[in-house]
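Both backbone and side-chain heavy atoms feed into the values below; hydrogens, waters and symmetry mates do not. If you're wondering where the values come from, they're calculated on a predicted model, not measured in any experiment. Chain letters run A, B, ... following the sequence lines, proteins first and then strands; every chain starts at 1.
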Amino acid sequence: MRGSYTLILGAAMTLCFAAAALVSFIWVPFDVTLVDIPNKLQRPTGQHWLGTDHFGRDLLSMIMVGARTSIAVALIAVGIGILIGVPLGLLAAARKGSWLDEMIMRANDLIFAFPSLVIAILITAIFGAGAVNAIIAIGIFNIPVFARVTRGGALSLWEREFILSARVAGKSGLLISVEHILPNLANLLIVQGTIQFSLGILAEAGLSYVGLGAQPPLPSWGRMLADAQTMVSFAPHLALVPGGAIILTVLGLNMMGDGLRDRLDPKLRGRPV
Amino acid sequence: MLRYSLKRLLSLGISLVVASLVIFAVIEVAPGDPARFMLGINAQPDTVAALRAELGLDVPKVQRYLAWVGGMLSGDFGISYTYRVPVGQMIADRMWVSLPLALMALTLSTVIALPVGLYAANRRGGRGDMAVMGLTQLGIAVPNFWFAMILVVIFAINLRWFSAGGFPGWDAGLLVGLKALTLPAVALALPQAAILSRVMRSALIDILSEDFMRTARAKGLTRQQALWRHGLRNALIPVLTIMGLQFSFLLAGAIIIEQVFFLPGLGRLVFQSISQRDLIVVESVVMLLVFAVIVVNFAVDLAYVAVDPRLRTQL
(Lines give C-alpha, C1' and ligand atoms only; values in the text may rest on other atoms or scores of the structure.)
Protein backbone atom coordinates (compact mmCIF):
# COMPACT_ATOMS: atom_id res chain seq x y z
CA MET A 1 0.00 0.00 0.00
CA ARG A 2 2.82 2.38 0.91
CA GLY A 3 4.20 1.85 -2.56
CA SER A 4 1.08 3.05 -4.32
CA TYR A 5 0.86 6.06 -1.99
CA THR A 6 4.42 7.05 -2.93
CA LEU A 7 3.64 6.42 -6.59
CA ILE A 8 0.54 8.60 -6.61
CA LEU A 9 2.14 11.48 -4.69
CA GLY A 10 5.29 11.33 -6.81
CA ALA A 11 3.34 11.16 -10.06
CA ALA A 12 1.14 14.08 -8.97
CA MET A 13 4.18 16.24 -8.20
CA THR A 14 5.82 15.34 -11.48
CA LEU A 15 2.63 15.96 -13.46
CA CYS A 16 2.25 19.40 -11.86
CA PHE A 17 5.58 20.53 -13.29
CA ALA A 18 4.99 18.78 -16.62
CA ALA A 19 1.61 20.56 -16.84
CA ALA A 20 3.23 23.91 -15.95
CA ALA A 21 5.75 23.37 -18.73
CA LEU A 22 3.03 22.49 -21.26
CA VAL A 23 0.76 25.37 -20.25
CA SER A 24 3.70 27.79 -20.66
CA PHE A 25 3.61 27.12 -24.40
CA ILE A 26 0.20 28.75 -24.72
CA TRP A 27 -0.04 30.99 -21.66
CA VAL A 28 2.17 32.48 -18.95
CA PRO A 29 1.04 35.07 -16.38
CA PHE A 30 3.69 37.57 -17.62
CA ASP A 31 6.09 37.70 -20.52
CA VAL A 32 9.43 36.32 -19.21
CA THR A 33 11.43 38.84 -21.24
CA LEU A 34 9.41 41.77 -19.88
CA VAL A 35 11.62 44.04 -17.77
CA ASP A 36 9.64 45.96 -15.13
CA ILE A 37 12.20 47.75 -12.96
CA PRO A 38 9.65 49.67 -10.74
CA ASN A 39 8.35 46.27 -9.58
CA LYS A 40 11.73 44.59 -9.09
CA LEU A 41 12.57 42.21 -6.20
CA GLN A 42 8.97 42.01 -4.98
CA ARG A 43 8.05 39.38 -2.43
CA PRO A 44 5.09 37.15 -3.42
CA THR A 45 1.99 39.36 -3.96
CA GLY A 46 -1.51 38.95 -5.36
CA GLN A 47 -0.26 40.05 -8.75
CA HIS A 48 3.05 38.18 -8.75
CA TRP A 49 2.32 34.93 -6.88
CA LEU A 50 5.97 33.99 -6.46
CA GLY A 51 7.38 37.52 -6.53
CA THR A 52 9.68 39.19 -9.07
CA ASP A 53 13.43 39.14 -9.77
CA HIS A 54 15.97 41.98 -10.03
CA PHE A 55 14.61 42.96 -13.47
CA GLY A 56 11.00 42.84 -12.24
CA ARG A 57 10.34 39.64 -14.20
CA ASP A 58 7.57 37.42 -12.82
CA LEU A 59 9.12 34.40 -11.07
CA LEU A 60 6.08 32.13 -11.60
CA SER A 61 6.28 32.70 -15.36
CA MET A 62 10.03 32.06 -15.30
CA ILE A 63 9.53 28.83 -13.34
CA MET A 64 6.94 27.68 -15.88
CA VAL A 65 9.15 28.39 -18.88
CA GLY A 66 12.19 27.07 -16.98
CA ALA A 67 10.31 23.81 -16.38
CA ARG A 68 10.11 23.50 -20.15
CA THR A 69 13.91 23.77 -20.47
CA SER A 70 14.62 21.41 -17.58
CA ILE A 71 12.15 18.75 -18.68
CA ALA A 72 13.09 18.96 -22.35
CA VAL A 73 16.83 18.66 -21.66
CA ALA A 74 16.43 15.78 -19.19
CA LEU A 75 13.86 13.95 -21.32
CA ILE A 76 15.87 14.10 -24.54
CA ALA A 77 19.01 13.08 -22.63
CA VAL A 78 17.17 10.02 -21.27
CA GLY A 79 15.94 9.33 -24.82
CA ILE A 80 19.53 9.35 -26.10
CA GLY A 81 20.55 6.99 -23.30
CA ILE A 82 17.72 4.56 -24.11
CA LEU A 83 18.06 4.72 -27.89
CA ILE A 84 21.78 3.97 -27.86
CA GLY A 85 22.28 2.21 -24.52
CA VAL A 86 19.47 -0.35 -24.71
CA PRO A 87 20.44 -1.83 -28.12
CA LEU A 88 24.08 -1.98 -26.96
CA GLY A 89 23.05 -3.78 -23.78
CA LEU A 90 20.85 -6.22 -25.70
CA LEU A 91 23.67 -6.90 -28.13
CA ALA A 92 26.21 -7.44 -25.35
CA ALA A 93 23.88 -9.88 -23.57
CA ALA A 94 23.05 -11.80 -26.77
CA ARG A 95 26.78 -12.20 -27.49
CA LYS A 96 27.79 -12.75 -23.88
CA GLY A 97 31.49 -13.38 -23.40
CA SER A 98 32.40 -12.44 -26.98
CA TRP A 99 34.85 -9.70 -27.90
CA LEU A 100 31.84 -7.54 -28.79
CA ASP A 101 30.43 -7.88 -25.26
CA GLU A 102 33.84 -7.14 -23.79
CA MET A 103 34.30 -4.09 -26.00
CA ILE A 104 30.87 -2.63 -25.22
CA MET A 105 31.35 -3.08 -21.50
CA ARG A 106 34.87 -1.61 -21.48
CA ALA A 107 33.66 1.41 -23.48
CA ASN A 108 30.95 1.79 -20.84
CA ASP A 109 33.52 1.77 -18.06
CA LEU A 110 35.46 4.42 -19.91
CA ILE A 111 32.47 6.77 -20.15
CA PHE A 112 31.83 6.20 -16.45
CA ALA A 113 35.34 7.46 -15.76
CA PHE A 114 34.34 10.87 -17.15
CA PRO A 115 31.97 12.48 -14.64
CA SER A 116 29.07 14.03 -16.59
CA LEU A 117 30.15 17.52 -15.65
CA VAL A 118 33.61 16.86 -17.07
CA ILE A 119 32.02 15.67 -20.34
CA ALA A 120 29.94 18.85 -20.35
CA ILE A 121 33.03 20.96 -19.79
CA LEU A 122 34.82 19.27 -22.67
CA ILE A 123 31.83 19.72 -24.98
CA THR A 124 31.41 23.38 -24.06
CA ALA A 125 35.13 23.96 -24.46
CA ILE A 126 34.71 22.90 -28.07
CA PHE A 127 31.22 23.83 -29.19
CA GLY A 128 30.29 26.56 -26.70
CA ALA A 129 27.58 26.60 -24.02
CA GLY A 130 23.91 25.93 -24.76
CA ALA A 131 20.91 23.70 -24.13
CA VAL A 132 21.76 21.33 -27.00
CA ASN A 133 25.27 20.75 -25.71
CA ALA A 134 23.88 20.18 -22.20
CA ILE A 135 21.59 17.51 -23.69
CA ILE A 136 24.53 15.81 -25.41
CA ALA A 137 26.65 15.90 -22.26
CA ILE A 138 23.93 14.42 -20.03
CA GLY A 139 22.83 12.02 -22.79
CA ILE A 140 26.30 10.55 -23.28
CA PHE A 141 26.45 9.80 -19.58
CA ASN A 142 23.07 8.02 -19.76
CA ILE A 143 24.25 5.57 -22.45
CA PRO A 144 26.41 3.33 -20.22
CA VAL A 145 23.75 3.41 -17.48
CA PHE A 146 21.10 1.97 -19.78
CA ALA A 147 23.53 -0.40 -21.49
CA ARG A 148 24.54 -1.85 -18.13
CA VAL A 149 20.99 -2.17 -16.78
CA THR A 150 19.80 -3.75 -20.04
CA ARG A 151 22.69 -6.20 -20.20
CA GLY A 152 22.25 -7.22 -16.57
CA GLY A 153 18.52 -7.76 -16.96
CA ALA A 154 18.86 -9.49 -20.33
CA LEU A 155 21.55 -11.91 -19.10
CA SER A 156 19.23 -13.36 -16.46
CA LEU A 157 16.39 -13.59 -19.00
CA TRP A 158 18.59 -15.52 -21.44
CA GLU A 159 18.77 -18.32 -18.87
CA ARG A 160 14.98 -18.69 -18.73
CA GLU A 161 13.04 -21.52 -20.31
CA PHE A 162 10.84 -19.46 -22.58
CA ILE A 163 13.94 -18.08 -24.25
CA LEU A 164 15.27 -21.58 -24.66
CA SER A 165 12.06 -22.62 -26.39
CA ALA A 166 12.31 -19.61 -28.67
CA ARG A 167 15.83 -20.72 -29.60
CA VAL A 168 14.62 -24.25 -30.20
CA ALA A 169 11.96 -22.76 -32.48
CA GLY A 170 14.86 -21.44 -34.54
CA LYS A 171 14.65 -17.73 -33.78
CA SER A 172 17.84 -15.72 -34.15
CA GLY A 173 19.50 -13.92 -31.25
CA LEU A 174 18.43 -10.59 -32.69
CA LEU A 175 14.79 -11.64 -33.01
CA ILE A 176 14.72 -13.10 -29.50
CA SER A 177 16.26 -9.89 -28.12
CA VAL A 178 13.61 -7.73 -29.75
CA GLU A 179 10.56 -9.99 -29.39
CA HIS A 180 11.13 -11.61 -25.99
CA ILE A 181 13.91 -9.94 -24.02
CA LEU A 182 13.03 -6.28 -24.61
CA PRO A 183 9.33 -6.49 -23.57
CA ASN A 184 10.38 -8.25 -20.38
CA LEU A 185 12.86 -5.48 -19.61
CA ALA A 186 10.28 -2.72 -20.01
CA ASN A 187 9.61 -2.44 -16.27
CA LEU A 188 13.27 -2.23 -15.41
CA LEU A 189 13.85 0.41 -18.08
CA ILE A 190 10.86 2.51 -17.02
CA VAL A 191 12.15 2.60 -13.45
CA GLN A 192 15.72 3.40 -14.54
CA GLY A 193 14.36 6.00 -16.96
CA THR A 194 12.58 7.79 -14.10
CA ILE A 195 15.76 7.82 -12.02
CA GLN A 196 17.88 9.11 -14.90
CA PHE A 197 15.23 11.72 -15.65
CA SER A 198 15.53 13.10 -12.12
CA LEU A 199 19.34 13.02 -12.30
CA GLY A 200 19.06 14.83 -15.64
CA ILE A 201 17.00 17.62 -14.05
CA LEU A 202 19.69 18.03 -11.36
CA ALA A 203 22.50 17.93 -13.92
CA GLU A 204 20.80 20.49 -16.16
CA ALA A 205 20.32 22.80 -13.18
CA GLY A 206 24.01 22.41 -12.27
CA LEU A 207 25.19 23.07 -15.82
CA SER A 208 23.06 26.15 -16.30
CA TYR A 209 24.09 27.37 -12.85
CA VAL A 210 27.73 27.48 -13.97
CA GLY A 211 26.68 28.98 -17.31
CA LEU A 212 27.14 25.88 -19.48
CA GLY A 213 23.43 25.17 -20.02
CA ALA A 214 20.58 27.09 -21.65
CA GLN A 215 21.60 30.64 -22.53
CA PRO A 216 19.65 33.87 -21.93
CA PRO A 217 16.96 34.95 -22.63
CA LEU A 218 15.68 31.36 -22.24
CA PRO A 219 14.94 31.03 -18.51
CA SER A 220 16.32 28.00 -16.70
CA TRP A 221 16.11 27.06 -13.04
CA GLY A 222 19.88 26.75 -12.68
CA ARG A 223 20.55 30.21 -14.04
CA MET A 224 17.79 31.72 -11.91
CA LEU A 225 19.78 30.40 -8.93
CA ALA A 226 23.03 31.79 -10.31
CA ASP A 227 21.36 35.21 -10.69
CA ALA A 228 19.95 34.95 -7.17
CA GLN A 229 23.33 34.28 -5.58
CA THR A 230 24.39 37.87 -4.99
CA MET A 231 20.92 38.95 -3.82
CA VAL A 232 19.98 36.03 -1.65
CA SER A 233 20.70 37.88 1.62
CA PHE A 234 18.01 40.53 1.01
CA ALA A 235 15.73 38.65 -1.42
CA PRO A 236 15.77 35.01 -0.29
CA HIS A 237 12.71 34.15 -2.40
CA LEU A 238 14.91 34.45 -5.49
CA ALA A 239 16.77 31.33 -4.35
CA LEU A 240 13.91 29.57 -2.60
CA VAL A 241 11.55 29.58 -5.61
CA PRO A 242 13.76 27.92 -8.26
CA GLY A 243 15.42 25.73 -5.60
CA GLY A 244 12.00 24.56 -4.46
CA ALA A 245 11.00 23.82 -8.06
CA ILE A 246 14.10 21.67 -8.60
CA ILE A 247 13.71 19.83 -5.29
CA LEU A 248 9.98 19.13 -5.77
CA THR A 249 10.44 17.89 -9.34
CA VAL A 250 13.36 15.62 -8.45
CA LEU A 251 11.60 14.41 -5.30
CA GLY A 252 8.43 13.70 -7.29
CA LEU A 253 10.34 11.75 -9.94
CA ASN A 254 12.29 9.74 -7.34
CA MET A 255 9.12 8.91 -5.41
CA MET A 256 7.46 7.91 -8.67
CA GLY A 257 10.46 5.72 -9.50
CA ASP A 258 10.33 4.05 -6.07
CA GLY A 259 6.58 3.51 -6.34
CA LEU A 260 6.79 2.18 -9.90
CA ARG A 261 9.54 -0.25 -8.94
CA ASP A 262 7.52 -1.57 -6.01
CA ARG A 263 4.48 -1.91 -8.24
CA LEU A 264 6.25 -3.46 -11.22
CA ASP A 265 8.82 -5.63 -9.47
CA PRO A 266 7.84 -6.62 -5.93
CA LYS A 267 11.13 -8.48 -5.48
CA LEU A 268 13.04 -5.21 -5.37
CA ARG A 269 10.79 -3.58 -2.76
CA GLY A 270 12.66 -1.44 -0.25
CA ARG A 271 15.88 -1.19 -2.26
CA PRO A 272 17.45 2.23 -2.56
CA VAL A 273 17.40 4.08 -5.83
CA MET B 1 45.20 -12.61 -6.13
CA LEU B 2 48.38 -11.61 -7.98
CA ARG B 3 46.87 -12.62 -11.30
CA TYR B 4 43.74 -10.61 -10.48
CA SER B 5 45.77 -7.54 -9.55
CA LEU B 6 47.85 -7.80 -12.73
CA LYS B 7 44.75 -8.19 -14.87
CA ARG B 8 43.15 -5.16 -13.24
CA LEU B 9 46.41 -3.23 -13.62
CA LEU B 10 46.48 -4.01 -17.33
CA SER B 11 42.90 -2.83 -17.79
CA LEU B 12 43.76 0.28 -15.75
CA GLY B 13 46.59 1.02 -18.18
CA ILE B 14 44.38 0.49 -21.24
CA SER B 15 41.65 2.73 -19.78
CA LEU B 16 44.15 5.51 -19.16
CA VAL B 17 45.59 5.29 -22.68
CA VAL B 18 42.14 5.31 -24.31
CA ALA B 19 40.98 8.17 -22.07
CA SER B 20 44.03 10.24 -22.99
CA LEU B 21 43.43 9.55 -26.71
CA VAL B 22 39.78 10.60 -26.40
CA ILE B 23 40.62 13.82 -24.54
CA PHE B 24 43.42 14.70 -26.95
CA ALA B 25 41.20 14.02 -29.98
CA VAL B 26 38.32 16.07 -28.55
CA ILE B 27 40.56 19.06 -27.83
CA GLU B 28 42.15 18.71 -31.28
CA VAL B 29 38.83 19.16 -33.09
CA ALA B 30 38.03 22.26 -31.04
CA PRO B 31 37.62 25.20 -33.39
CA GLY B 32 39.84 28.21 -32.89
CA ASP B 33 43.61 28.38 -33.06
CA PRO B 34 45.07 29.18 -29.60
CA ALA B 35 47.89 31.20 -31.17
CA ARG B 36 45.45 33.34 -33.16
CA PHE B 37 43.26 33.74 -30.08
CA MET B 38 46.22 34.92 -27.98
CA LEU B 39 47.42 37.44 -30.53
CA GLY B 40 44.03 38.90 -31.47
CA ILE B 41 42.40 39.37 -34.86
CA ASN B 42 44.87 41.92 -36.18
CA ALA B 43 47.94 39.68 -35.84
CA GLN B 44 50.20 39.25 -38.87
CA PRO B 45 50.29 35.71 -40.33
CA ASP B 46 54.04 35.38 -39.70
CA THR B 47 53.61 36.39 -36.04
CA VAL B 48 50.89 33.72 -35.65
CA ALA B 49 53.14 31.17 -37.36
CA ALA B 50 56.02 32.06 -35.04
CA LEU B 51 53.85 31.67 -31.95
CA ARG B 52 52.47 28.37 -33.26
CA ALA B 53 56.02 27.13 -33.61
CA GLU B 54 56.87 28.35 -30.13
CA LEU B 55 53.84 26.58 -28.62
CA GLY B 56 54.66 23.43 -30.56
CA LEU B 57 51.38 23.59 -32.49
CA ASP B 58 53.03 23.12 -35.90
CA VAL B 59 54.28 19.57 -35.41
CA PRO B 60 52.21 16.53 -36.52
CA LYS B 61 49.35 15.43 -34.24
CA VAL B 62 50.85 12.05 -33.36
CA GLN B 63 54.07 13.70 -32.25
CA ARG B 64 52.12 16.23 -30.17
CA TYR B 65 50.09 13.51 -28.50
CA LEU B 66 53.22 11.58 -27.59
CA ALA B 67 54.89 14.73 -26.30
CA TRP B 68 51.81 15.54 -24.18
CA VAL B 69 51.58 12.05 -22.66
CA GLY B 70 55.34 11.76 -22.22
CA GLY B 71 55.43 15.17 -20.58
CA MET B 72 52.63 14.26 -18.16
CA LEU B 73 54.40 11.05 -17.19
CA SER B 74 57.47 13.05 -16.25
CA GLY B 75 55.39 15.69 -14.47
CA ASP B 76 55.66 18.28 -17.26
CA PHE B 77 52.17 19.39 -18.32
CA GLY B 78 53.36 22.05 -20.73
CA ILE B 79 53.13 25.84 -20.54
CA SER B 80 49.82 27.69 -20.18
CA TYR B 81 48.99 29.59 -23.38
CA THR B 82 47.58 32.49 -21.39
CA TYR B 83 49.74 32.85 -18.30
CA ARG B 84 53.01 31.52 -19.73
CA VAL B 85 53.65 29.50 -16.55
CA PRO B 86 53.95 25.70 -16.24
CA VAL B 87 50.50 24.06 -16.24
CA GLY B 88 51.77 21.55 -13.68
CA GLN B 89 52.44 24.40 -11.26
CA MET B 90 48.97 25.91 -11.81
CA ILE B 91 47.32 22.53 -11.26
CA ALA B 92 49.40 21.80 -8.16
CA ASP B 93 48.42 25.16 -6.61
CA ARG B 94 44.71 24.58 -7.29
CA MET B 95 44.85 20.95 -6.25
CA TRP B 96 45.60 22.04 -2.70
CA VAL B 97 42.09 23.42 -2.56
CA SER B 98 40.09 20.85 -4.56
CA LEU B 99 41.60 17.67 -3.15
CA PRO B 100 41.22 18.57 0.55
CA LEU B 101 37.68 19.74 -0.25
CA ALA B 102 36.74 16.42 -1.91
CA LEU B 103 38.40 14.42 0.88
CA MET B 104 36.68 16.45 3.59
CA ALA B 105 33.34 15.91 1.88
CA LEU B 106 33.98 12.17 1.47
CA THR B 107 34.94 11.82 5.13
CA LEU B 108 31.95 13.84 6.26
CA SER B 109 29.49 11.89 4.13
CA THR B 110 30.90 8.57 5.36
CA VAL B 111 30.86 9.65 9.00
CA ILE B 112 27.21 10.70 8.64
CA ALA B 113 26.00 7.88 6.39
CA LEU B 114 27.32 4.77 8.11
CA PRO B 115 25.71 5.34 11.53
CA VAL B 116 22.50 6.62 9.92
CA GLY B 117 22.27 3.55 7.67
CA LEU B 118 23.02 1.27 10.60
CA TYR B 119 20.35 2.98 12.70
CA ALA B 120 17.72 2.70 9.96
CA ALA B 121 18.51 -0.93 9.17
CA ASN B 122 18.28 -1.77 12.86
CA ARG B 123 14.82 -0.21 13.08
CA ARG B 124 13.57 -1.41 9.72
CA GLY B 125 9.94 -0.41 9.15
CA GLY B 126 9.83 1.61 12.39
CA ARG B 127 9.39 5.35 12.79
CA GLY B 128 13.12 6.04 12.92
CA ASP B 129 13.60 4.15 9.66
CA MET B 130 10.73 5.98 7.98
CA ALA B 131 12.16 9.33 9.09
CA VAL B 132 15.61 8.41 7.75
CA MET B 133 14.15 7.23 4.45
CA GLY B 134 12.11 10.41 4.08
CA LEU B 135 15.02 12.70 4.94
CA THR B 136 17.44 10.87 2.64
CA GLN B 137 14.88 11.00 -0.18
CA LEU B 138 14.83 14.78 0.31
CA GLY B 139 18.63 14.92 0.57
CA ILE B 140 19.01 13.23 -2.80
CA ALA B 141 16.68 15.78 -4.41
CA VAL B 142 18.54 18.85 -3.12
CA PRO B 143 21.06 20.33 -5.60
CA ASN B 144 24.32 20.81 -3.71
CA PHE B 145 24.95 24.31 -5.06
CA TRP B 146 21.50 25.45 -3.87
CA PHE B 147 22.16 23.92 -0.47
CA ALA B 148 25.49 25.78 -0.48
CA MET B 149 23.70 29.11 -1.03
CA ILE B 150 21.33 28.40 1.85
CA LEU B 151 24.29 27.50 4.09
CA VAL B 152 25.94 30.81 3.19
CA VAL B 153 22.80 32.77 4.09
CA ILE B 154 22.43 31.02 7.44
CA PHE B 155 26.00 30.48 8.64
CA ALA B 156 27.93 33.24 6.89
CA ILE B 157 25.50 36.14 6.47
CA ASN B 158 23.20 35.74 9.47
CA LEU B 159 25.24 33.91 12.11
CA ARG B 160 28.63 35.10 10.80
CA TRP B 161 30.32 31.86 11.88
CA PHE B 162 32.06 31.33 8.55
CA SER B 163 33.14 33.50 5.65
CA ALA B 164 30.81 33.52 2.64
CA GLY B 165 33.56 32.52 0.23
CA GLY B 166 37.18 32.77 -0.80
CA PHE B 167 40.16 30.86 0.47
CA PRO B 168 42.94 32.48 2.53
CA GLY B 169 45.45 29.75 1.61
CA TRP B 170 47.05 27.11 3.80
CA ASP B 171 49.80 29.58 4.75
CA ALA B 172 47.24 31.35 6.93
CA GLY B 173 47.11 28.26 9.11
CA LEU B 174 45.56 24.81 8.99
CA LEU B 175 42.52 25.74 11.03
CA VAL B 176 41.82 28.87 8.99
CA GLY B 177 42.03 26.82 5.80
CA LEU B 178 39.82 24.05 7.15
CA LYS B 179 37.30 26.63 8.33
CA ALA B 180 37.11 28.15 4.85
CA LEU B 181 36.44 24.71 3.37
CA THR B 182 33.87 23.66 5.98
CA LEU B 183 30.71 25.08 4.40
CA PRO B 184 31.67 23.91 0.88
CA ALA B 185 32.44 20.43 2.24
CA VAL B 186 29.11 20.23 4.09
CA ALA B 187 27.25 21.34 0.95
CA LEU B 188 29.03 18.68 -1.11
CA ALA B 189 28.73 15.95 1.49
CA LEU B 190 25.08 16.05 2.48
CA PRO B 191 23.44 14.86 -0.76
CA GLN B 192 26.12 12.15 -1.03
CA ALA B 193 25.52 11.14 2.60
CA ALA B 194 21.83 10.67 1.77
CA ILE B 195 22.68 8.22 -1.02
CA LEU B 196 25.30 6.41 1.04
CA SER B 197 22.95 6.00 4.04
CA ARG B 198 20.40 4.30 1.80
CA VAL B 199 23.02 1.96 0.36
CA MET B 200 24.32 1.13 3.84
CA ARG B 201 20.77 0.49 5.09
CA SER B 202 19.79 -1.83 2.25
CA ALA B 203 23.12 -3.68 2.34
CA LEU B 204 22.67 -4.32 6.06
CA ILE B 205 19.06 -5.40 5.60
CA ASP B 206 20.17 -7.93 2.97
CA ILE B 207 22.83 -9.24 5.34
CA LEU B 208 20.49 -9.49 8.32
CA SER B 209 18.49 -12.18 6.51
CA GLU B 210 21.59 -14.25 5.65
CA ASP B 211 22.08 -17.74 7.10
CA PHE B 212 25.36 -16.85 8.77
CA MET B 213 23.64 -14.11 10.75
CA ARG B 214 21.09 -16.63 12.01
CA THR B 215 23.92 -18.94 12.96
CA ALA B 216 25.65 -16.10 14.80
CA ARG B 217 22.46 -15.42 16.73
CA ALA B 218 21.95 -19.15 17.37
CA LYS B 219 25.36 -19.47 18.95
CA GLY B 220 24.32 -16.83 21.44
CA LEU B 221 25.36 -13.45 20.08
CA THR B 222 22.92 -10.62 20.58
CA ARG B 223 21.56 -8.89 17.49
CA GLN B 224 23.95 -5.99 18.02
CA GLN B 225 26.98 -8.24 18.48
CA ALA B 226 26.13 -10.23 15.36
CA LEU B 227 25.69 -7.02 13.40
CA TRP B 228 29.00 -5.54 14.54
CA ARG B 229 31.08 -8.70 14.20
CA HIS B 230 29.64 -10.22 11.04
CA GLY B 231 27.20 -7.83 9.44
CA LEU B 232 29.22 -4.65 8.99
CA ARG B 233 32.14 -6.19 7.17
CA ASN B 234 29.86 -7.93 4.72
CA ALA B 235 27.87 -4.77 4.11
CA LEU B 236 31.05 -2.90 3.22
CA ILE B 237 31.28 -4.22 -0.35
CA PRO B 238 28.30 -2.32 -1.82
CA VAL B 239 29.19 0.64 0.40
CA LEU B 240 32.77 0.71 -0.94
CA THR B 241 31.49 0.54 -4.53
CA ILE B 242 29.30 3.57 -4.00
CA MET B 243 32.07 5.42 -2.16
CA GLY B 244 34.35 4.86 -5.14
CA LEU B 245 31.72 6.24 -7.49
CA GLN B 246 31.04 9.12 -5.12
CA PHE B 247 34.63 10.24 -5.20
CA SER B 248 34.24 11.08 -8.89
CA PHE B 249 30.97 12.87 -8.16
CA LEU B 250 32.68 14.81 -5.37
CA LEU B 251 35.54 15.89 -7.60
CA ALA B 252 33.08 16.99 -10.30
CA GLY B 253 30.69 18.46 -7.73
CA ALA B 254 33.59 20.42 -6.29
CA ILE B 255 33.84 22.18 -9.65
CA ILE B 256 30.36 23.66 -9.14
CA ILE B 257 30.70 24.26 -5.40
CA GLU B 258 33.94 26.16 -6.02
CA GLN B 259 31.89 28.60 -8.09
CA VAL B 260 29.47 29.19 -5.21
CA PHE B 261 32.24 29.89 -2.70
CA PHE B 262 34.73 31.53 -5.10
CA LEU B 263 37.35 28.95 -4.15
CA PRO B 264 40.52 28.97 -6.27
CA GLY B 265 40.37 25.24 -7.08
CA LEU B 266 40.59 23.11 -10.21
CA GLY B 267 37.00 23.95 -11.17
CA ARG B 268 37.61 27.67 -11.39
CA LEU B 269 40.84 26.99 -13.25
CA VAL B 270 38.94 24.98 -15.86
CA PHE B 271 36.25 27.62 -16.36
CA GLN B 272 38.82 30.40 -16.66
CA SER B 273 40.83 28.34 -19.11
CA ILE B 274 37.78 27.61 -21.26
CA SER B 275 36.91 31.29 -21.54
CA GLN B 276 40.52 32.14 -22.41
CA ARG B 277 40.81 29.19 -24.84
CA ASP B 278 43.77 27.98 -22.80
CA LEU B 279 43.09 24.47 -24.08
CA ILE B 280 46.30 22.94 -22.82
CA VAL B 281 45.13 23.63 -19.26
CA VAL B 282 41.62 22.24 -19.94
CA GLU B 283 43.17 19.13 -21.50
CA SER B 284 45.47 18.46 -18.57
CA VAL B 285 42.92 19.14 -15.82
CA VAL B 286 40.32 16.89 -17.47
CA MET B 287 42.94 14.15 -17.88
CA LEU B 288 43.89 14.52 -14.24
CA LEU B 289 40.26 14.22 -13.09
CA VAL B 290 39.70 11.14 -15.24
CA PHE B 291 42.98 9.67 -13.99
CA ALA B 292 41.82 10.19 -10.40
CA VAL B 293 38.48 8.50 -11.07
CA ILE B 294 40.04 5.50 -12.84
CA VAL B 295 42.67 5.01 -10.14
CA VAL B 296 40.13 5.33 -7.31
CA ASN B 297 37.91 2.69 -8.92
CA PHE B 298 40.95 0.44 -9.31
CA ALA B 299 41.71 0.89 -5.62
CA VAL B 300 38.09 0.04 -4.79
CA ASP B 301 38.36 -3.20 -6.80
CA LEU B 302 41.43 -4.17 -4.81
CA ALA B 303 39.75 -3.15 -1.57
CA TYR B 304 36.94 -5.65 -2.25
CA VAL B 305 39.47 -8.42 -2.00
CA ALA B 306 40.86 -7.04 1.22
CA VAL B 307 37.37 -6.83 2.72
CA ASP B 308 36.07 -10.17 1.43
CA PRO B 309 38.64 -13.00 1.67
CA ARG B 310 36.27 -15.29 -0.28
CA LEU B 311 37.03 -13.32 -3.42
CA ARG B 312 40.74 -14.25 -3.14
CA THR B 313 40.12 -17.88 -3.96
CA GLN B 314 37.52 -17.16 -6.62
CA LEU B 315 39.74 -14.88 -8.63
(message) Is the shortest side-chain heavy-atom distance between B:N144 and A:L202 below 4.5 Å?
(response) no
(request) Give the minimum heavy-atom separation between A:I247 and B:V142, together with the two atoms involved. (result) CD1-CG2, 3.8 Å
(request) Taking all non-hydrogen atoms of both residues into account, name the closest pair between B:I157 and A:S233 and its distance. (result) CD1-CB, 3.6 Å
(message) What part of B:F291 gets within 4.5 angstrom of chain A, counting heavy atoms only: side chain, backbone, both, or neither?
(response) neither
(request) With sequence neighbours left out, write down each residue that passes ring-ring contact (aromatic ring centres under 6.0 Å, His included) with A:F197, or none if nothing qualifies. (result) none
(request) Determine the minimum heavy-atom distance between B:Q137 and A:M255, stating which atoms define it. (result) NE2-CG, 4.1 Å
(request) Mind checking the CD1-CG spacing from B:I140 to A:L253? Nearest 0.5 Å is all I need. (result) 13.0 Å
(request) Give, as side chain, backbone, both or neither, the part of B:I14 having an atom under 4.5 angstrom from any heavy atom of chain A. (result) neither
(request) Heavy-atom distances under 4.5 Å only: say whether A:L212 touches chain B with side chain, backbone, both or neither. (result) side chain
(request) Compare all side-chain heavy atoms of B:V152 with those of A:V232 and state whether any distance is below 4.5 angstrom. (result) no
(request) Drop me the distance from B:I294's CD1 to A:D109's CG, to the nearest 0.5 angstrom. (result) 9.5 Å
(request) Would you please test A:V210 and B:F145 for side-chain contact (heavy atoms from CB on, under 4.5 Å) and show each step? (result) CA-CA 10 Å; A:V210 288; B:F145 56 94; over 6 Å; no
(message) Heavy atom to heavy atom, less than 4.5 Å: which residues from residues 97-107 of chain A reach chain B?
(response) none
(message) At under 4.5 Å between heavy atoms, what parts of residues 132-140 of chain A are in contact with chain B? List them by residue number.
(response) none
(request) Please look at A:L251 and chain B and tell me whether the side chain, the backbone, both or neither of the residue comes under 4.5 angstrom of a heavy atom of that chain. (result) both
(request) Can you see which heavy atom on B:P143 is nearest to which on A:I246, and at what distance? (result) CG-CG2, 3.6 Å
(message) Is B:V290 close to chain A through its backbone or its side chain, or both, or neither, when contacts mean heavy atoms under 4.5 Å?
(response) both
(request) Select one option (side chain, backbone, both, neither) describing which atoms of B:V153 are under 4.5 Å from chain A's heavy atoms. (result) side chain
(message) Run the ring-ring contact (aromatic ring centres under 6.0 Å, His included) test against B:F147 and tell me which residues pass, sequence neighbours left out.
(response) none
(request) Compare all side-chain heavy atoms of A:Y209 with those of B:I256 and state whether any distance is below 4.5 angstrom. (result) yes
(message) Can you tell me which portion of A:A228 sits under 4.5 Å from chain B's heavy atoms? Options are side chain, backbone, both or neither.
(response) both
